[in-house]
Amino acid sequence: MEYDFRAIEQRWQANWKATEAYKVTEDASKEKFYVLDMFPYPSGAGLHVGHPLGYIASDVFARYKRHQGFNVLHPMGYDSFGLPAEQYAIQTGQHPAVTTEANVARYREQLDQLGFCYDWSREVRTSDPAYYRWTQWIFAELFESWYDAAADCAKPISALVEMLQSDGLGTAEPACDGDWWKALPEGEYPWDETFDGTLTADLWNACDAVAQSHILMQFRLAYLADSEVNWCPALGTVLANDEVKDGLSERGGHPVVRKRMRQWIMRISAFSQRLIDDLNGLDWTDSIKEAQRNWIGRSEGASVHFGIEGLPEHTIEVFTTRPDTIYGVSFMVLAPEHELVAAITTAEQKQAVTAYQTAAAQKSERERQGAGDHEVSGCFTGGYAVHPLTGKKIPVWIADYVLAGYGTGAIMAVPAGDERDWKFAKVYDLTIPAIFEGVDTDEAVYTEKDIALCSSGEFNGKTPVDAIPLAIAHLEEKGVGTGQINYRLRDAVFSRQRYWGEPFPIYYDGEIPQLIRDEQVTLPPVDAYLPTEDGDPPLARAKKEDWNVTRGDRMEYNTMPGWAGSSWYFLRYMDPHNADAFCDRAKSDYWGQVDRYVGGAEHGTGHLLYSRFWTKFLFDLDLIGFDEPFAKMINQGMILGRSSCVYRIEGTNRFVTFEQRKEHRTQRLHVDISLVRNDVLDLEGFKAWRPEFADAEFVLNEAGEYRCGNEVEKMSKSKFNVENPDDLVERYGADTLRCYEMVLGPLEQAKPWDTQGINGVHGFLRKLTRLYRNADGNVLITNGAPSAEAERALHKTIKKVTEDLDRLSWNTVVSAMMIGVNELTEAGCHERSVLQPLSAVLAPYAPHLAEELWEACGGEGSVVDAPWPKWDAEKLVESEVTYPVQFNGKVRFQLAVAATAAPADVEVAVLADERTAKQLDGRTPKKVIVGPGRIINIVG
RNA sequence: GCGGGUGUGGUGAAAUUGGUAGACACGCUGGAUUUAGGAUCCAGUGCCGCGAGGCGUGUGGGUUCGAGUCCCUCCACCCGCACCA
């Protein structure tokens, strides 16, 4: 066979394995480079052609960097905890570990045949107890830490305790979950009426151990609290905000409702500002950075306290970004769940308010978001607030457009300047005080900040831009408000009512959670993977003897969410077998940040935010030396499937060809793409595909073919459009598939999969084999001097490939190599001095074939270690050339170029005639810089 | 609505700092060859036109000797987020 890719690829893959060609160790004499793929969840379906796209790109880059002499860390592993294996367990009783093991084996097999240069000795799996032991350890560290907002850094809780014992809280500003004293049960406050909310050393020391543990819980970075969570009844678990889309679960699309539950929560909100600020130093796409900023949702404004008529001991606290419009407040709105609603509501309104609250509570998250149209609804409480500046009575309403989860769950409504407030005022006929000079806000809302205020006391005549800081100062002076920055980012719920996840290293004494640090808690076996009859998570089914550790009254039954293990895996690769630490500090100092992180943009919020959070936390504790995980990220686009469709005449088993589909009432059915070639259906194959089509009849087109329709959509089993890499590797080989996936188009762009072009790439590799071997298999390599044309082709290729890889343009590299091989073929090149460097340039894309070429050239060892060749400008020069130059589309003249100069960047005297000078509008250029066949620049 | 991005042949796309637009490949057309194949090789292929020639990078304008590239206008499409006070 001319190009026996199967034999070549098998041979070299075995060779790499035997020589451990891709094993790397720390080496202080070499500069490091860390190339990382987002590790996959090993699903039962195996890889489709979309998966390897990013892996191939990172593999090419890792190999390139290695040729350049970097010590490249390029590992792979599996995000192996997760829902599908658990759901399979619920259906079949098979332990998720067994399912996962089988899926991992399948993934590994598929990855191996593509010839990646992963150092598999560093493989990690999040579900491996030796791995999740350290996920649990990081959780324990978070539990044992608090956030010092004054120092803007996480610190050990022991430091806080010491401080409380000796000085009290003092001026320390711990990020906390509400007011610390609310942690204590009613009637157990160790203080008297002089208590003003200050946590003094005396108070702290007067608390018993239980009270102290309740107080500390308010400050821990991993804390236990009752909170409103996204509950998905169908999945039987809570979900993080980023796992919910449009009120439906991201996985499975099940409805999500809000529910109050006691949960472990991560205090990511304490890191909000740093998570925003540090985006600036990252080389990520603007859209991902912007998505992160959106998600964190910083807004500047003021917190304002409104008094309540008849309830002097309470105030309604609101957050507003427009304190300048405070004189335009004509009503207030509380979220239906707001804690003061019951107290404010009058007897007459009680029934209506309760009815409204009940209706709001019953709405699912999806209904509440209104799916587009936001219908206004609300209910008057009968109560009134007091304007902090004017002392006027302001009616208090409840409405579900005010969200309990954002800000304080209450707003001051300024209908003149806020669209929602304006709409609400119109619907319920509330007054709209005019506060903008010359603007009739009765007709339309005015949200711009460029018109002077009026009827606004001391802000009259000032534009909002100027008035906002004044308003904050004024409110602070009056003691009714403060400037404040608010974030949309909520603390992240960390408990899942699931089996297949990391168990918490936690047990309970009564209600007090206690950490287990001396022993690892591993997942106990259970008899079923469903919640108990009492609604406890599956782990509650485990009997006492099933746990490897039991302490206190009971163990924690929740498990950690999927993002726990994936938030720090990039660190474990650096030191994967360490039994004493999550990662040795010397090793993390050596490997450092991930230099290139390659993965889909769909993980742009959740995963990245959580990883950044954990990295910053570990940095604060001085466990690692950097506070951002991924210095540069590349997001590959999704590869879409191209589905094929047939058209069945309704009520019959007759199928009409694509051209005639509109002449009948037809039903469109997806057909397996393996039965279709160039849009033409294999009729016999189709009949044999499914029993119901066995007696199908066909209406063919003029060419006597059945032509299928097609559609570009996501690859999915149900659409029969999944292209599997195994078949392509079988038919064309891994090198062809690698090159083809890269040549498909720019990496970041989403694109439909189309196998038609693969022949072109395959042909290029076949042509390449002819450079070193003839049809009989005899090696043609000679030691002779290559022709100038051959050398030029080589150096052109090196230059282009190097430059394109440096600017991360993977697709154009393949074209450059094709051109190079075409030119070498034309030049009849078989010389070692050309083909050996060529093999190094090819190695990142077609590593197997490059090894063959390297070997044929008599190269030592493996091409993997070959130094990257340098291109020589002199070799690019053609011996003597006269370049015809077309100028301004009209005038032609000649440029003589010195024989020794490289035309790409040489300055050349123009032999300009008068006509040319005229064209230049009177300017006579002194010099023109030319490239081969074109003017680069005119000087003078 | 807000934010990010993209518009170039029949198709995927090149064109790195403004300098021969469409490289490279798919597809298509024609030819060669052949123990008919989803093989290989050669030639052609942006559009209009027999031709000379003209027109061409979503639209309209601008800067420039020169614009796919820079600036402004509008249009179309894609992707995020979305009652966030």
Side-chain angles (χ1 to χ4, degrees), chain A residues 2 245-246 285-295 297-299 301 318-322 325 333 335 368-370 372-376 399-403 405-414 417-421 423-424 447 486-490 601-602 604-605 637-638 677-678 731 739-740 743-746 748-752 754-761 763-764 766 800 803-804 806-807 809 811-820 822 883-891 905 916-923 925 928-938:
Chain A
E2 206 180 11
K245 286 214 154 133
D246 300 326
T285 62
D286 289 338
S287 76
I288 293 228
K289 288 205 229 180
E290 203 50 42
Q292 296 251 316
R293 285 191 197 100
N294 272 343
W295 196 259
R298 178 193 154 106
S299 51
V318 300
F319 174 74
T320 176
T321 54
R322 295 293 301 275
T325 62
V333 186
R368 201 161 155 175
Q369 286 181 1
D373 288 323
H374 302 130
E375 277 176 36
V376 178
D400 62 7
Y401 82 86
V402 174
L403 307 173
Y406 183 76
T408 59
I411 60 155
M412 58 176 222
V414 183
D418 183 280
E419 209 157 327
R420 293 148 301 166
D421 298 346
K423 228 169 159 182
F424 195 80
T447 56
N486 220 2
Y487 300 92
R488 196 177 78 102
L489 183 66
R490 316 262 36 105
E602 64 272 18
T605 41
M638 204 187 310
R677 187 163 300 281
N678 292 342
R731 276 217 324 254
C739 291
Y740 185 58
V743 84
L744 226 44
E748 313 79 35
Q749 229 163 72
K751 53 221 155 198
D754 177 5
T755 319
Q756 287 194 322
I758 202 166
N759 278 325
V761 175
F764 145 67
R766 197 187 311 110
K800 178 76 174 152
E803 286 173 353
D804 284 355
D806 285 339
R807 66 186 176 104
S809 174
N811 53 326
T812 51
V813 170
V814 182
S815 304
M817 294 191 305
M818 287 185 186
I819 296 168
N822 281 340
Y883 292 98
V885 176
Q886 191 173 21
F887 197 78
N888 206 18
K890 284 183 179 114
V891 181
D905 49 3
T916 310
K918 242 184 224 168
Q919 282 297 325
L920 289 169
D921 198 22
R923 301 187 324 158
V928 175
I929 301 175
V930 299
R934 64 199 178 120
I935 298 177
I936 303 290
N937 200 5
I938 295 177

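In the text below, chain A, chain B and the rest are named by the order of the sequence lines, each starting its count at 1. On a predicted model such as this, the values are computed, not experimentally measured, just so you know. Atom set for the values below is all heavy atoms of this structure, side chains included, hydrogens, waters and symmetry mates excluded.
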(request) Check side chain to side chain contact (heavy atoms under 4.5 Å, CB included) between A:Gln749 and all other residues, then give those that pass, not counting sequence neighbours. (result) A:Pro746
(message) Within the 4.5 Å heavy-atom criterion, are A:Ser815 and A:Phe764 side-chain neighbours or not?
(response) no
(message) Suppose you measure atom P in B:G68 against the same atom in B:U57; what distance do you get, rounded to whole Å?
(response) 7 Å
(request) Indicate, with a heavy-atom threshold strictly under 4.0 Å, whether A:Glu803 touches base, sugar-phosphate, or nothing. (result) base
(request) Identify the heavy atoms of A:Ala816 and A:Lys800 that sit nearest to each other, and give their distance. (result) CB-CG, 3.2 Å
(message) Between A:Val376 and A:Arg420, is there a side-chain heavy-atom distance shorter than 4.5 Å?
(response) no
Would you tabulate the nitrogen or oxygen pairs shorter than 3.5 Å linking the protein to nucleotides 6-14 of chain B?
{"from": "B:G12", "atom 1": "O2'", "to": "A:Leu744", "atom 2": "O", "distance (Å)": "2.3"}
{"from": "B:A13", "atom 1": "OP1", "to": "A:Gln749", "atom 2": "OE1", "distance (Å)": "2.8"}
{"from": "B:A14", "atom 1": "OP1", "to": "A:Asn811", "atom 2": "ND2", "distance (Å)": "3.0"}

(request) Output the single nucleotide from B:U16, B:C83, B:A25 whose closest atom is nearest the side chain of A:Arg420. (result) B:C83
(request) Return the set of residues passing salt bridge (Lys or Arg N to Asp or Glu O under 4.0 Å) with A:Arg298 (not counting sequence neighbours), or none when no residue passes. (result) A:Glu300
(request) Starting at atom CD1 of A:Ile819, determine the distance to atom P of B:A23, rounded to an integer number of angstrom. (result) 10 Å
(message) Counting Watson-Crick and G-U wobble pairs with both distances under 3.5 Å, what is the dot-bracket string for RNA chain B, 5' to 3', using [ ] for crossing pairs and | for pairs to another strand?
(response) (((((((..(((......[....)))((((((.(..)..))))))(((....)))..(.(((..]....))).))))))))....
(message) I need the CE-P distance between A:Met638 and B:C79, as an integer number of Å.
(response) 9 Å
(request) Can you tell me, in whole Å, how much space there is between the C1' of B:U29 and that of B:U20? (result) 27 Å
(request) Determine the interatomic distance between P on B:U40 and the same-named atom on B:G51; round to the nearest Å. (result) 33 Å
(message) Measure CZ/A:Arg322 against C1'/B:A85 and give the value in whole Å, please.
(response) 11 Å
(message) With rounding to the closest Å, how many angstrom separate the P atoms on B:C50 and B:G60?
(response) 27 Å
(message) For A:Ser809, give me all partners under side chain to side chain contact (heavy atoms under 4.5 Å, CB included), at least two apart in sequence or on another chain.
(response) A:Asp804, A:Arg807, A:Asn811, A:Thr812
(request) Report the nucleotide, chosen from B:G80, B:C26, B:G5, that has the shortest atom-to-atom distance to any side-chain atom of A:Gln756. (result) B:C26
(request) Using the P atom as the reference point in each nucleotide, state the distance between B:G5 and B:U63 in Å, no decimals. (result) 28 Å
(message) Rounding to an integer number of angstrom, what distance separates B:G22 and B:G27 when you compare their C1' atoms?
(response) 16 Å
(message) Can you list everything that forms a salt bridge (Lys or Arg N to Asp or Glu O under 4.0 Å) with A:Asp421? Sequence neighbours excluded, please.
(response) none
(request) For A:Glu602 and B:C79, give me the distance from atom CD to atom P, rounded to whole Å. (result) 13 Å
(message) I'd like the P distance from B:C24 over to B:A15, given in whole Å.
(response) 14 Å
(request) Quick one: list whatever passes ring-ring contact (aromatic ring centres under 6.0 Å, His included) with A:Tyr740, sequence neighbours left out. (result) A:Trp753
(message) Which is more 5' along RNA chain B, the nucleotide nearest A:Ser299 or the one nearest A:Glu290? Just name the residue.
(response) A:Glu290
(request) Rounded to the nearest angstrom, tell me the gap between atom CG in A:Asp418 and atom C1' in B:C84. (result) 11 Å
(request) Return the set of residues passing salt bridge (Lys or Arg N to Asp or Glu O under 4.0 Å) with A:Asp754 (not counting sequence neighbours), or none when no residue passes. (result) none
(message) Of the listed nucleotides (B:C84, B:C24, B:G80), which one gets closest to any side-chain atom of A:Leu403?
(response) B:C84
(message) Classify the ring geometry of A:Tyr401 against A:Phe424: parallel below 30°, tilted from 30° to 60°, perpendicular beyond 60°.
(response) tilted
(message) With syn defined as a glycosidic angle within 90° of 0 and anti as the rest, where does B:G46 land?
(response) anti
(request) Go through the structure and list residues passing side chain to side chain donor-acceptor pair (under 3.5 Å) with A:Asn486, not counting sequence neighbours. (result) none
Is there any protein nitrogen or oxygen under 3.5 Å from a nitrogen or oxygen in nucleotides 39-41 of chain B, and what are the pairs?
{"from": "B:U40", "atom 1": "OP1", "to": "A:Arg766", "atom 2": "NH1", "distance (Å)": "3.4"}
{"from": "B:U40", "atom 1": "OP1", "to": "A:Arg766", "atom 2": "NH2", "distance (Å)": "3.2"}

(request) Only counting residues at least two apart or in another chain, list the ones meeting side chain to side chain contact (heavy atoms under 4.5 Å, CB included) with A:Arg293. (result) A:Leu279, A:Asn280, A:Lys289, A:Glu290
(request) For nucleotides B:G18 and B:U69, find the distance between their C1' atoms and express it as a whole number of Å. (result) 6 Å
(request) Could you tell me which residues satisfy salt bridge (Lys or Arg N to Asp or Glu O under 4.0 Å) with A:Arg488, sequence neighbours excluded, listed by chain and number? (result) none
(request) Measure the distance from CG on A:Asn822 to C1' on B:C42 and round it to the nearest whole Å. (result) 14 Å
(request) Take atom OH of A:Tyr401 and atom P of B:C83, then tell me their distance rounded to the nearest Å. (result) 14 Å
(request) Whole angstrom is fine here: how far is it from CE in A:Met817 over to P in B:A25? (result) 13 Å
